[in-house]
Undergrad: 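Take this structure, written in structure tokens, and hold onto it; I'll ask about it next.
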Amino acid sequence: SVCLAVDIGGTKIAAALVDCETNHIIERCQIATPQSQQPAILSAALASLLRPFINQANFVAIASTGIIDNGILTALNPDNLGGLNKFELVDQIQHITQLPTYAMNDAQAAAWYEYISLTPNNNINNMLFITVSTGIGGGLVLNQQLQTGARGISGHIGHTVVNANGPMCGCGRQGCIEKVASGTAIGEIGSLLFDCLYSGQEVYQLALKGNSDALNIIHSSAAAVAELIANLTITLDLDSVVIGGSVGLAPNYCHYIQQYLNEKPALYRPHIILAQSGADAGLLGAASWFAQQQS
Ligand code: BMX
Ligand code: ZN
């Protein structure tokens, strides 16, 4: 069968036709996520993005940022995807496409794709996927099963606290790792430090050119992620951690994480792997997860 896969993120929305037998993308298209905070505007953007693909697909599989609870999307951090409190994602898309529609969290979907790409050659039981991008997301595979959670929450590691006195996160909790180590946070910290508006990407570029203040910001981010990995490894007995996202895949970042982990005792050091499927992991993960659920 052919799946119409959709990946809804804080900055872009991608759609693709995926061949479910080969797990390959036949056709792909992408738009910027509307920043309007209005559900009707998001629905309209989704309708025009998806319409050209509908006739060629058998079902729709969505990977979206935010918590997906029974097809209903709520932003845990409304700063990343504004105004979406209880957005009826599956109903809306079903209405647009008239196709069977399923949805899951974006990082959970990516975790599943990374897992099935790795597992034929590796004996991985307990894997964590971490995306460091606009936010920090995660997906857990425990005993070879993806954990989505009864309320869709499982894997939301971006909202574990690294500094109880830290800045207030959009989720309402103080000092979440997402608020201090994500791409957005890197941009915010850089903007404060340099007294000029910088994106995370710009701060990263400065670090790569040798600016030591910028490099310190990147290092603190990687150090925080390494602590999180150590905490979760000793909690869940992880054997592997896959690092993805635009920051996670940026030059040297994964290497810094490894350096910070190397300072810790062996039990805290899982196998660190760079994500293999890059920007398409959400699309491909949702397609294969729901193709499997259907059969
Ligand atoms: C946030 C949260 C997660 C998401 C993660 C990464 C929202 C809107 N999103 O922690 O659900 O998985 O960001 O998202 O609350 P990304 O858009 O950075 O990939
Ligand atoms: Zn938070």
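In each ligand, atom 1 is the first atom listed, and ligand 1 is the first ligand listed.
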Undergrad: Tell me which pairs pass side chain to side chain donor-acceptor pair (under 3.5 Å) where either residue lies in residues 45-72, with sequence neighbours left out.
TA: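 Sorted result for residues 45-72: empty, none.
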
Undergrad: Is the shortest N/O to N/O distance between Gly66 and ligand 1 below 3.5 Å?
TA: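 By distance alone, the answer is yes.
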
Undergrad: Under 4.0 Å from any heavy atom of Leu76, which atoms of ligand 1 are there?
TA: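 Reading through ligand 1 atom by atom, the close ones are 7 (C), 15 (O).
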
Undergrad: With rounding to the nearest 0.5 angstrom, report the CG to CG distance, Asp7 to Leu283.
TA: 5.0 Å

Undergrad: Can you check the number of protein N/O/S atoms within less than 2.8 Å of the Zn ion (ligand 2)?
TA: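 Near the Zn ion (ligand 2), the number of protein N, O or S atoms below 2.8 Å is 4.
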
Undergrad: Report, in ascending order of atom number, the atoms of ligand 1 lying under 4.0 Å from any heavy atom of Thr134.
TA: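 Near Thr134, meaning under 4.0 Å from one of its heavy atoms, ligand 1 has 18 (O).
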
Undergrad: Heavy-atom contacts under 4.0 Å between Asn80 and ligand 1: side chain, backbone, both, or neither?
TA: side chain

Undergrad: Give me the residue, atom name and distance of the protein heavy atom closest to atom 9 (N) of ligand 1.
TA: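 The closest heavy atom on the protein side is Thr65 OG1, 2.9 Å.
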
Undergrad: At a 4.0 Å threshold, what atoms of ligand 1 neighbour a non-hydrogen atom of Glu178?
TA: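 In order of numbering, the contacting atoms are 1 (C), 10 (O), 13 (O).
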
Undergrad: Based purely on interatomic distance, does Ala75 place a nitrogen or oxygen under 3.5 Å from a nitrogen or oxygen of ligand 1?
TA: no

Undergrad: Number the atoms of ligand 1 from 1 as they appear, then name those within less than 4.0 Å of a heavy atom of His156, with their elements.
TA: 3 (C), 11 (O)

Undergrad: Scan Leu192, Thr184, Ile186 and name whichever one has a side chain to side chain contact (heavy atoms under 4.5 Å, CB included) with Glu188.
TA: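 The passing option is Thr184.
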
Undergrad: Any nitrogen or oxygen of Gly135 lying under 3.5 Å from a nitrogen or oxygen in ligand 1? Just yes or no.
TA: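 Gly135 vs ligand 1: N/O contact under 3.5 Å present.
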
Undergrad: Which option out of Ser133, Ala110, Gly137 puts a heavy atom nearest to atom 5 (C) of ligand 1?
TA: Gly137

Undergrad: Should Thr131 be counted as touching ligand 1, given the test is an N or O pair under 3.5 Å?
TA: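 No, there is no polar N/O contact under 3.5 Å.
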
Undergrad: Do me a favour and list the nearest non-hydrogen protein atom to atom 19 (O) of ligand 1 with residue, atom name and distance?
TA: Asp106 OD2, 3.2 Å

Undergrad: For His159, state whether at least one heavy atom is located under 4.0 Å from any atom of ligand 1.
TA: yes

Undergrad: Using a 3.5 Å cut-off and no angle test, enumerate the donor-acceptor pairs between side-chain atoms of residues 231-244 and protein atoms at least two apart in sequence or in another chain.
TA:
| unit_1 | atom_1 | unit_2 | atom_2 | d |
| --- | --- | --- | --- | --- |
| Thr233 | OG1 | Ile229 | O | 2.6 |
| Thr235 | OG1 | Asn231 | O | 2.6 |
| Asp239 | OD2 | Asn125 | N | 3.3 |
| Asp239 | OD2 | Asn126 | N | 3.4 |

Undergrad: Hydrophobic clusters join Ile, Leu, Val, Met, Phe, Trp and Tyr when side-chain heavy atoms are under 4.5 Å apart, directly or via other members; which others share one with Val90?
TA: none

